[in-house]
Each structure stands twice: as structure tokens, then as C-alpha cells.
Novice: 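This is the structure I want to talk about, given as C-alpha cells.
Here the structure is a predicted model, which means the values were calculated and not measured. One-based numbering, in listed order, for ligands and for the atoms of each.
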Amino acid sequence: MHIRIFENREVASAYAAALLEQTVIHQPHPVLGLATGETPLPLYRRLAEFHRQGLSFSHVTTFNLDEYVGLPATARESYHAFMEQHLFQFLDIPSSHRHIPNGLAADLLAECRRYDHLLQEHRIDLQLLGIGRNGHIGFNEPGETLSANTHVMSLSKSTRDANARFFETPDAVPQKAITIGLNAILESRHILLMAFGPDKADAIAGALSGEISTALPASLLETHPNVTWVLDREAARLLPESIGR
Ligand code: GLP
């Protein structure tokens, strides 16, 4: 486990972008796990810049972590639209190489199985993760149990409140999402979790406390041999002095 603490999110994102660039340059068929939310935006801007400067992503395959249930891919708030707006339109990844769960599938269970099947065929080389204020990863919410495979998750009030800023009204935030499970995340060769800002400090301190609990899903990352935690000072502020400084 590596914990890197940076002055601010721009410098942290430059570090994360350089790690991702290495994967894209050196792997013949890199498989990237992608995240949504505000956290990866500076990283995605850097990837677009890399592409403008000549880096090709045409050999890359991507898997997004999750998608809201009930939103069409064309809805502005969907993660399909988010990825197009913030990343895919700027890169040359063939559309057939980009995977995002279909939140409008008539049979959601079949959609979950379809996504797991694809994930089994493509082990993720580098999985990007953000973290929810309650310690969720993807949309794996805290609870008495966690799911191994792709599943439909009922979103907690705190997650819906946190994501309300992306919707016109808080009530418009969907109640459910499809998310990949802990299996696919933990089977990734390398995990890069990014967390910025004071709202993430509690979740980061809990995740790195040494205790593993389904009440804080990100704590399960402590069982993985190759996780890089990319933090800014605010997100790292509750960590013991001895960590990462
Ligand atoms: C959503 C996403 C997560 C993301 C989290 C944090 O719940 N499903 O993948 O990590 O939000 O978002 P943000 O980066 O906006 O704080």
C-alpha cells in the first residue's frame, strides 16, 4: 500500500495521470476501471491534454464502476453522459471498448450478469476510485454485508444528498444504481483511490485505520496488495502523523 499526500488536488491529479499514462504506454491492451464524480475531473482533463499531445488511447478498454437505475444514457445526469462530457469525447477509445452498466435495462439482474461476464473476460489493470463521504466505493454502500458481484444497490440518504448537486432537485437523484461489486474491484491489478477535500477526511481515516469493516467499504482495500492512495492535505488531515508524510 502506498499513501501519497499532495499539497492540492491539481498536483495529486498530475501524479495519478502520470501513473495512468504509464499503463497506457506500456500495456499492449490496457483495461482501465473508471470512476465518476468530481474527484477524477482534474485527472480526466490531463488525459485529454496527453491525447492532444499525441498519446493514443485506441488500444484501451474501459469499464465504469456504476450507473444510476432509471436514467437513459442521454440524460445529462447519467454516468454515460458524464463520461462523454468529461472524457470520452476528448480521447480516441473506440466506443465498442467502453463499458458502462445499462441503468435502463428491462432485466436489471441479467444486466448485472452481462457486466460481470465482461469483467471476467477483462481483468482490470488500473482501477480508479473515488470515495463517498460514508466510505462507499463505486456504489457499494456501507451495510451488514457487501456484494461480491455486480448488483443493484439502494442508495443511502447521505449518498443521494451528496450527489444532489449534479441534479436539478434533490428528489431527482435516483433511488438505485447498478454497481460492480467488491470482487471486480479487488481483482484489479492496481487500484488508485483519489480523495480530495475536508469532506473525505473521516472516510479516509476510517479506511486506513487498520480495521476492516463492511460498515466502511473502502476499508476492504487494505486487503489488496497494490493500492495507491492519492490524497490532498485536507483529505489526509485525520491520518496519524506517521502515515505518508
Ligand atoms: C459517487 C460515485 C463514486 C464516487 C463518489 C464520490 O457516489 N458512485 O464512484 O467516488 O460519488 O464523488 P465525488 O468525487 O464527487 O466526491
Novice: Taking only residues two or more places apart in sequence, or in another chain, which ones meet Phe166 in a ring-ring contact (aromatic ring centres under 6.0 Å, His included)?
Specialist: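 For Phe166 there are no ring-ring contact (aromatic ring centres under 6.0 Å, His included) partners, ignoring immediate neighbours.
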Novice: Can you label the angle between the His86 ring and the Phe82 ring as parallel, tilted or perpendicular, going by 30° and 60°?
Specialist: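 His86 and Phe82: tilted rings.
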Novice: Could you check whether Tyr44 and Phe90 have their ring centres less than 6.0 Å apart?
Specialist: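 Aromatic pair excluded; centres sit 6.0 Å or further apart.
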Novice: What orientation do His99 and His122 show, parallel under 30°, tilted 30 to 60°, or perpendicular over 60°?
Specialist: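 Ring orientation of His99 relative to His122: tilted.
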Novice: Determine whether more than 12 heavy atoms belonging to other residues, nucleotides or ligands lie under 6.0 Å from atom CD of Glu222.
Specialist: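 Counting neighbours around CD of Glu222, more than 12 heavy atoms of other residues, nucleotides or ligands fall under 6.0 Å, so yes.
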Novice: What are the distances between nitrogen or oxygen atoms of ligand 1 and protein nitrogen or oxygen atoms, counting only those under 3.5 Å?
Specialist:
residue	atom	partner	partner atom	Å
ligand 1	7 (O)	His136	NE2	2.8
ligand 1	7 (O)	Asn163	ND2	3.3
ligand 1	8 (N)	Asp66	OD2	2.8
ligand 1	8 (N)	Gly138	O	3.2
ligand 1	10 (O)	Ile131	N	3.3
ligand 1	14 (O)	Glu38	N	3.2
ligand 1	14 (O)	Thr39	N	3.0
ligand 1	14 (O)	Thr39	OG1	2.5
ligand 1	15 (O)	Glu38	N	2.8
ligand 1	15 (O)	Arg165	NH2	2.7
ligand 1	16 (O)	Lys200	NZ	2.6

Novice: Should the pair Glu187-Arg123 be classified as a salt bridge under the 4.0 Å nitrogen-to-oxygen rule?
Specialist: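 A salt bridge is absent here (no side-chain N lies under 4.0 Å from a carboxylate O).
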